Each structure stands twice: as C-alpha cells, then as structure tokens.
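Below is one structure, written out as structure tokens; comments come after it.
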Amino acid sequence: MRYRAPRGTRDILPEESWKWEKVQRAFEDTARRFGYRDIRLPVFEQTELFARGIGDATDIVRKEMYTFADRKGRSLTLRPEGTAGTVRAYIEHNMGESARVTKLRYFCPMFRYERPQAGRYRQFWQWGLEAIGSMSPSVDAEIIHFCVSLFTNLGIEGSVAKLNSAGCKSCTPAYNEALREHLAPRLDEFCPDCSERYERNPRRMFDCKNESCLALLADAPSILDSLCDECRQHFESVLEYLDRMSVPYEVDKGLARGLDYYTRTIFEVHYPGLGAQSALCGGGRYDDLVEELGGKPTPAVGVSAGVERLMLAYESESGGTGQEPGPEIYIVSMGERAEREAAGLAAGLRADRSVELDHQGRSMKAQMREAGRLGARVAIIVGEDELERGAVSVKDMETGDQVEVELDRLNEAVEEKLAK
RNA sequence: GUGGAAGUAGCUCAGCUGGUAGAGCGCUGGACUGUGGCUCCAGUCGUCGCGGGUUCGAUCCCCGUCUUCCACCCCA
C-alpha cells in the first residue's frame, strides 16, 4: 500500500517552491506599497457564514464545499474563498471603528470539491485584497491597478482587465426582469445550459461559449444601459480613475461573476495563454455583504486570484525561467581532520553567507561536481596539504581561478571573490 | 456532476492484436590515485497505477477501481 496525495491536492516540491517564494514576495511587496496589511484567518469557519455570505444559489455553496461536523456536532466548512472570513473578522473585531478604510491582504490555501484540471485543484492557493469602508470609485480603480501592477512586476505581459457593472439592489432586479422578458420568446432556441442560466442568473448567458446562443443575445439589453443614476456615475468614475492611472482595460458588458455578493463594479483579469482557465483574478464591489453578515452597512471592494494559475502564467514568461538560487560557497574537504575544519569554517561563514558542504564523505570529484551543480560561486578546498600550512584554497567556480590563502585571511578572500 | 484521453525506471517516453521490459536524461564510480561544467566507459533503479477475469502464459485482451490530463458545468 503506497500513500498518495489525495485527489485534487499536490505537493509543491523545492524544485518548484522557490518560484512560489518569489511570487509571494512580489505580492507582499506590491501590497505593502498599496497599503494593504496582512490578515491570517482560520482555515475553517461555521458553514453558515459561507452559505449566507457567498449565497445559497452559487455552485460553491450548492456542491463544492468541504463541510464536516466536529466532535460536538457543529457544522464547519473549509474556506472556499477569502472574502466571507475577512468580513467576519472585520465585524468581529470592530475594525471599522479605528480606521475609515480597512485595507487587508491574504495569501493562503482554499478548498473546493471540484473535478481537478490543470490550474484547478481541490486545495488551491489564492491571494486577495479587501478594502472595506469606502464607497469611492477610486478604491475600485486602486484594486484593479494593483492587479495589473503585480502581473507586470512578475513579467506577465498581455493580460487584459475586463470590467462591467453588476448594478445594485435597486437596479439589478429590474434589469434581470427586462432581460428575461426580452429573451423569453426565443428561450427554446438556447442550449440547455442557457435555459438553466435563464432561471438562476440570466446574465450568465452572456458568457455561453455557444455561437448560436451569443447570436440570439446580440440585441439583448445591456446592464450598462439599465443602471440607476448612482451606479452609472460610479461606473463612469471608475473608468475615469483608471484612465488617470494609465491602467488599460476593456468594458465587457457580458461579464458576470459567480458569487451573489457583488454589486456595482465587477472585473476579471485574463491571461489568454491559459486555455479555458484563463482568469487570473476576479473581483468587485460587495456593498451589502458586511450588513448581510451582521455588521453596520459598510461598502467594500475586493479581488482574489488563483496562485496556481498565476504560476502557470509566470512560468510561461521570462520571469519564471531560470535556476533555483544555490549556495554562494561550497566547502570541499578531504580527510577527517579536514571535515572537522570545514564544519568550523561553515559555521563562521554562515553568519552572513550561504554555505553548503558534503555530509557523506564523498570523493573530491563528487564534491566539486556538487558545487558546480548547485551553482556555488566559490569553492573552498580544505585538504591535508593546505592544513599543514594553516591554509585553504579558494576557487572561483566561474573562472576556475584558484588561490591558496591563510585561514585568518579566508573571509577577505571569499568576500573579494563574491564582491565581483 | 457530464463526455473523452492516458497511467511502464527519479524525469521524458518506446515496447510489433499476448511469450515474465528498453532508450535518453539523471544519479554513482572510473578514464584524470586532490579539482566541477566537455567527452568516453561501466554501474544503479521497475510489485508495467491497484484489484479481479480470460489464457499454458497478460505491460498488451476484458471488467472494476484509483489518479492525472482535455473539454463542459463553474470558477481562481
């Protein structure tokens, strides 16, 4: 019996994880520049929080949650996304009392019971941002700018921001009705999927992949023409801010999102190289969610993104190629006395340099090969002959130059080589 | 949840409608008895995903199952 990682989960091994570290660092640096502070939340929450927050009608709540009962019979669920938990924490800790706008970020695993596919797992990572407490369209624009900015920092070119409005409580229901009314006469000509979308969320029909369905939608009313004055103004204002920030975007009147809580601005950023799973991130406003979850009425905007997909995009661009960083120094030793000397030298050098050495008593040739394979810039060779003279050899692995130095001059010699 | 493809060495893959497995890369050692990256030589590795069936005999055929991949639903 051999154990394997459960379906839809996977191990991120060191050969790969060094790239994850780079991406996470880029995310954290960018988030800090934009003023978003780290928040670390529980991996599971009361099931009710997600059911209420994300919406009973969504696929996530209907069929994708990892729900279990704990030993006292409480129903808990592994978080399928980050916004509900963040809002819960915001309310629980009265974060709105001490700041006008609360800007938070996270980078952590999420769980959804789905059929796995490339870039889609049952345990997957998301990074996300939430800005709670401001109605200003400048926050919407700031978050979209953040996404584009992060992707650019990672060398990902050709991503496209698409945005639309989801309206608000006062204009959405009217639009949905108008849309249904317009489509009703020819409903039987749509595909079965669209028929179901018609019932649950007719706006989703716009992203059907069926040409004939899209043709039938050609003269359907646009949400953008049905917005109330406040929503229209807000949307236009977001676009103005984006123009002012030089953020490229496309208005996509067919864009719809899967979660119930979105209001007004909704957006996605796509990277076309990823096939069917091309959305790198998605987000929008959720002005009613804080109140819905028991807080004071508080407007908010957020975004979340799949890290696995981001990694796929990152690796297909120049930034994701290259080699895992190796040690700066490799210490080669021959003989027992030399091994002990090498251990002492490593201990000292490790105060401010990365140092590797052999732990298996291998041949010098093997140790040199290891030093080359790891990409060490300097090899320190500790041999019996040198030790007799109180010295070691320092070899520059790039040029092959080698000099013998006395032990008390080793630090200078190494620093000199590494400084180049 | 629906439809399709695939699982053979650490990795990438070959294996003739059935006769108990191979290559390249990697790894280890040597040529070079204390010097990596090039070259050459040698060696190492397999419950052929798992379980059952057919057969004298199954990596190959049949059934089931697990996993991955592709498309859909949906989404990150």
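Numbers restart at 1 for each chain; the letters A, B, ... are given by sequence-line order, proteins then strands. A quick note: this is a predicted structure, and the numbers were derived from the prediction, not measured.
Looking at A:Asp252, A:Val251, A:Val269, A:Ile266 one by one, the single match for side chain to side chain contact (heavy atoms under 4.5 Å, CB included) with A:Lys162 turns out to be A:Asp252. Applying the salt bridge (charged side-chain N to carboxylate O under 4.0 Å, His left out) test between A:Asp59 and each of A:Arg200, A:Arg197, A:Arg112 identifies A:Arg200 as the sole match.
Distance check on atom C1': B:G29 versus B:G22 gives 23 Å, rounded to whole Å. When the C1' atom is used for both B:C40 and B:C48, the distance is 32 Å, rounded to whole Å. Separation of the P atoms belonging to B:U35 and B:A31 is 10 Å when rounded to the nearest angstrom. Spacing of C1' atoms, B:A76 relative to B:U17, comes out at 45 Å, to the nearest Å. As rounded to the nearest Å, B:A58 and B:U8 have C1' atoms that lie 14 Å from one another. Rounded to the nearest Å, the gap between the P atom of B:C11 and that of B:C56 is 37 Å. For the C1' atom pair drawn from B:A14 and B:G46, the interatomic distance equals 15 Å after rounding to whole Å. Taking atom P in both B:C62 and B:A21, the straight-line distance is 22 Å, to the nearest Å.
Closest to the A:Arg7 side chain, of the nucleotides B:G36, B:U67, B:C74, is B:U67. The side chain of A:Arg120 approaches B:C73 more closely than any other nucleotide in the set B:C69, B:G36, B:C73. In this structure, of B:G30, B:U28, B:U35, it is B:U28 that holds the atom nearest to the side chain of A:Arg369. Of all nucleotides listed (B:C74, B:G30, B:C72), B:C74 comes nearest to the side chain of A:Glu64. Between B:U68, B:C73, B:A31, one nucleotide has an atom nearer to the side chain of A:Lys365 than all others, and that is B:A31. Among B:A76, B:G3, B:G36, the nucleotide with an atom closest to any side-chain atom of A:Arg309 is B:A76. Among the nucleotides B:U68, B:C74, B:A76, the one closest to the side chain of A:Asp59 is B:C74. The side chain of A:Ile381 lies closest to B:G34 when the candidates are B:G29, B:C75, B:G34. Considering only the side chain of A:Arg204, B:C75 comes nearest among B:U68, B:G36, B:C75. Relative to the side chain of A:Asp193, the nucleotides B:A76, B:U35, B:C73 differ in distance, and B:C73 lies closest.
The shortest distance between the side-chain N/O atoms of A:Arg362 and the OP1/OP2 oxygens of B:U28 is below 4.0 Å. Between A:Arg115 and B:C72 there is no side-chain N or O to OP1 or OP2 distance below 4.0 Å. Residue A:Arg62 places none of its side-chain N or O atoms closer than 4.0 Å to OP1 or OP2 of B:C73.
A:Leu154 and A:Ala26 make their closest contact through CD2-CB, 3.6 Å (heavy atoms, listed as atom of the first residue, atom of the second, distance).
Checked by distance alone, A:Gln402 brings no side-chain donor or acceptor within 3.5 Å of a matching partner on the base of B:G34. Applying the 3.5 Å distance criterion, the base of B:A76 shares no donor-acceptor pair with the side chain of A:Gln117.
Within the nucleic acid shown, A:Met397 comes within 4.0 Å of at least one base atom, counting heavy atoms only. Nucleic acid contact for A:Glu386: base, since at least one base atom lies under 4.0 Å from a heavy atom of the residue. At the heavy-atom level, A:Ala379 lies nowhere under 4.0 Å from the strands shown. Using a 4.0 Å heavy-atom cutoff across all strands shown, A:Gly8 reaches sugar-phosphate atoms only and no base atom.
Atom-to-atom, CZ of A:Arg200 to P of B:C74 comes out at 7 Å; the value is rounded to the nearest Å. Put simply, CZ on A:Arg112 is 14 Å from P on B:C74, counting in whole angstrom units. Here B:U35 presents its P atom at 20 Å from CG of A:Leu357, a figure rounded to the nearest Å. Rounded to whole angstrom, the span from the CG atom of A:Leu312 across to the C1' atom of B:C70 amounts to 14 Å. Rounded to a whole Å, the CZ atom of A:Arg197 is 11 Å from the P atom of B:C72. Rounded to an integer number of Å, the gap from CZ of A:Arg10 to P of B:U68 is 11 Å. Between A:Asp260 atom CG and B:C74 atom P there is a gap of 14 Å when expressed in whole angstrom units. Atom CE in A:Met364 sits about 16 Å away from atom P in B:U28, given to the nearest Å.
Between the CD1 atom of A:Ile381 and the OH atom of A:Tyr330 there is a distance of 11.5 Å, given to the nearest 0.5 Å. To the nearest 0.5 Å, the span separating SG on A:Cys194 from CG on A:Leu217 amounts to 6.5 Å.
The nucleotide B:C61 finds its pairing partner in B:G53, both defining distances of the Watson-Crick or G-U wobble pair being shorter than 3.5 Å. Pairing for B:U67 goes to B:A6, judged as Watson-Crick or G-U wobble with the two contacts each under 3.5 Å. Here B:C27 sits opposite B:G43 as a Watson-Crick or G-U wobble pair (both hydrogen-bonding atom distances under 3.5 Å). Of the nucleotides present, B:G1 is the one that pairs with B:C72 by Watson-Crick or G-U wobble criteria, both distances under 3.5 Å. Pairing for B:U17 is absent, with no Watson-Crick or G-U wobble pair whose two atom distances lie under 3.5 Å. With a cut-off of 3.5 Å on both Watson-Crick or G-U wobble distances, the partner of B:G36 is given as none.
You'll find the ring centres of A:His145 and A:Tyr241 outside the 6.0 Å limit. Ring centers of A:Trp127 and A:Phe146: under 6.0 Å apart, within the cut-off.
Between A:Phe107 and A:Trp125, the angle of the ring planes lies from 30° to 60°, which puts this pair in the tilted group.
Every residue two or more places apart in sequence or in another chain was checked for a side chain to side chain donor-acceptor pair (under 3.5 Å) with A:Arg377, and none qualifies.
For A:Gly383 and A:Glu114, each mapped to the nucleotide of RNA chain B holding its nearest heavy atom, the one lying further toward the 5' end belongs to A:Gly383. Ranked by how close their nearest RNA chain B nucleotide is to the 5' end, A:Val382 and A:Tyr121 are led by A:Val382.
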